[in-house]
Amino acid sequence: MASDDAAAVRVVGGWASPFVMRVCVALRLKGVAYELLQEEPGKKSELLLKSNPVHKQIPVLLHGGRPVCESLVILQYVDEAFAGARPRILPADPYDRAVHRFWAEYADAKLPTALRTLRGMIDGDKAEAAEQLAFAACSKGQRFFAGDDIGFLDIVLGSYVGWFRAAERITAQRVLDEKRTPRLAAWVARLCGHEAVRDVMPDAGRLVEFGEALRAALAANAQRM
Ligand SMILES: N[C@@H](CCC(=O)N[C@@H](CS)C(=O)NCC(=O)O)C(=O)O
């Protein structure tokens, strides 16, 4: 087990969280060994509350015991803290970096709502919500957004793939359709086959069960209050 020495890398998180998955993919990409500390669904550990007192959310990266919060900030931190390890996560060119950050923030502003709409948790246009991930197909014909290997934008967008697949199961509606959006489907296949992603991409069936269990746990907590 990793200890709190200066090099120890730990992730306070949970296997089902897309935001946690991003951090795991980034660390795997860089070849950094880490320990995942699983939070219990619907609860918050003392370590989480102490490490992320502002948002009280997962993921938190603990590097030598020092916390870094917010997945997009963590990805950039991992890229800089392990700069010697290839590949780069963010593009080398400042303009490209800015563009990738812009689309990552756009994705985080749109996709969680699209997912909730698809799953019927909030009202909205389901067909439009299903299209939201399609801009992942705009990778200019390259294998990945920044070229031959996965990078910042692939990690950010890719973290939603598991939950889009879970939404497909819940609603029996295809979102990642090879015929309608072949470039998106091909990108998803390449991403899911990548060695840094393969073992941390959650199974859609397990996510559906997790979603139901979490909803029940949160309802039970609310009744107790
Ligand atoms: N903007 C945050 C979002 C993190 C987030 O929403 N985490 C969820 C798990 S997927 C969480 O901790 N939810 C519990 C809560 O909000 O109380 C990030 O990118 O890290």
Side-chain angles (χ1 to χ4, degrees), residues 9-29 34 36-63 66-81 89-90 97 100-119 121-122 129 132-133 136 150-167 170 197 200-204 206-225:
V9 176
R10 301 194 291 167
V11 181
V12 184
W15 65 270
S17 163
F19 306 104
V20 173
M21 183 193 151
R22 294 172 177 179
V23 178
C24 298
V25 171
L27 291 169
R28 283 164 181 259
L29 201 57
Y34 65 94
L36 178 61
L37 306 174
Q38 295 272 358
E39 284 288 302
E40 213 175 308
K43 297 194 179 155
K44 292 175 198 288
S45 69
E46 282 304 313
L47 180 62
L48 172 61
L49 296 174
K50 188 178 85 176
S51 312
N52 189 356
V54 177
H55 296 304
K56 306 176 178 68
Q57 288 183 324
I58 53 172
V60 178
L61 178 84
L62 297 169
H63 189 190
R66 293 195 302 173
V68 186
C69 303
E70 283 293 314
S71 63
L72 298 185
V73 176
I74 299 172
L75 293 186
Q76 296 172 60
Y77 174 78
V78 167
D79 207 17
E80 289 170 11
I89 292 174
L90 277 145
R97 268 207 302 280
H100 283 218
R101 285 195 190 107
F102 172 86
W103 285 114
E105 285 183 20
Y106 177 84
D108 278 358
K110 296 283 181 190
L111 294 182
T113 306
L115 272 170
R116 279 195 284 274
T117 306
L118 271 179
R119 291 167 67 195
M121 293 161 76
I122 52 174
Q132 288 286 350
L133 194 63
I150 66 172
F152 189 63
L153 213 38
D154 302 284
I155 297 173
V156 172
L157 289 169
S159 69
Y160 289 103
V161 166
W163 278 105
F164 268 86
R165 284 176 167 164
I170 294 166
V197 176
V200 288
M201 176 60 76
D203 172 72
R206 274 187 82 199
L207 285 178
V208 173
E209 286 168 19
F210 176 89
E212 283 162 8
L214 181 63
R215 229 188 276 204
L218 292 176
N221 283 353
Q223 265 181 354
R224 258 184 250 125
M225 293 212 288

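Remember, it's a predicted structure, so these values are computed and weren't measured experimentally. First listed ligand is number 1; within each ligand, the first listed atom is number 1. The basis for the numbers below is simple: all heavy atoms, side chains too, and nothing from hydrogens, waters or symmetry mates.
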Q: Ignoring hydrogens and angles, tell me if any N or O in the side chain of Trp163 forms a donor-acceptor pair with the backbone of Ala16 under 3.5 Å.
A: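 Answer holds: yes.
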
Q: Students often mix this up, so state it plainly: with edges at 30° and 60°, are the rings of Trp103 and Tyr106 parallel, tilted or perpendicular?
A: perpendicular

Q: Would you please determine whether Glu39 falls within less than 4.0 Å of ligand 1 on a heavy-atom basis?
A: no

Q: Does any N or O in the side chain of Lys44 come within less than 3.5 Å of the main-chain N or O of Lys56, such that one atom is a donor and the other an acceptor?
A: yes

Q: Using a plain distance cutoff, I'd like to know if Ser17 has any nitrogen or oxygen under 3.5 Å from a nitrogen or oxygen of ligand 1.
A: no

Q: Could you find the nearest protein heavy atom to atom 1 (N) of ligand 1 and give me its residue, atom name and distance?
A: Glu70 OE1, 2.8 Å

Q: Identify the closest protein heavy atom to atom 19 (O) of ligand 1: which residue and atom is it, and at what distance?
A: Ser71 OG, 2.6 Å

Q: Quickly, which of Leu61, Val9, Leu62 forms a side-chain contact (heavy atoms from CB on, under 4.5 Å) with Tyr34? Name it, please.
A: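 When Leu61, Val9, Leu62 are each tested with Tyr34, the side-chain contact (heavy atoms from CB on, under 4.5 Å) holds only for Val9.
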
Q: Should Asp108 be counted as touching ligand 1, given the test is an N or O pair under 3.5 Å?
A: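 No: no nitrogen or oxygen of Asp108 is under 3.5 Å from one in ligand 1.
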
Q: What's the shortest distance from atom 8 (C) of ligand 1 to any protein heavy atom, and which residue and atom give it?
A: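 Going atom by atom, the protein heavy atom closest to atom 8 (C) of ligand 1 ends up being Ile58 O, 3.9 Å.
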
Q: Do me a favour and list the nearest non-hydrogen protein atom to atom 15 (C) of ligand 1 with residue, atom name and distance?
A: Lys44 NZ, 3.3 Å

Q: In Å and rounded to the nearest 0.5 Å, what is the CE to CZ distance from Met21 to Arg28?
A: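 Met21 atom CE to Arg28 atom CZ measures 10.0 Å (nearest 0.5 Å).
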
Q: Is a side-chain donor or acceptor of Asp154 paired with a backbone partner of Gly151 at a separation under 3.5 angstrom?
A: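 At least one qualifying donor-acceptor pair exists.
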
Q: With a cut-off of 4.0 Å, which atoms of ligand 1 are near a heavy atom of Pro59?
A: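 Answer, ordered by atom number: 20 (O).
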
Q: So, are Arg97 and Asp79 salt-bridged, with charged N and O less than 4.0 Å apart?
A: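 Looking at Asp79 together with Arg97, the answer is no, because their closest N to O distance does not fall below 4.0 Å.
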
Q: Checking a contact table here: which protein heavy atom is nearest atom 16 (O) of ligand 1, and how many Å away?
A: Gln57 NE2, 2.9 Å

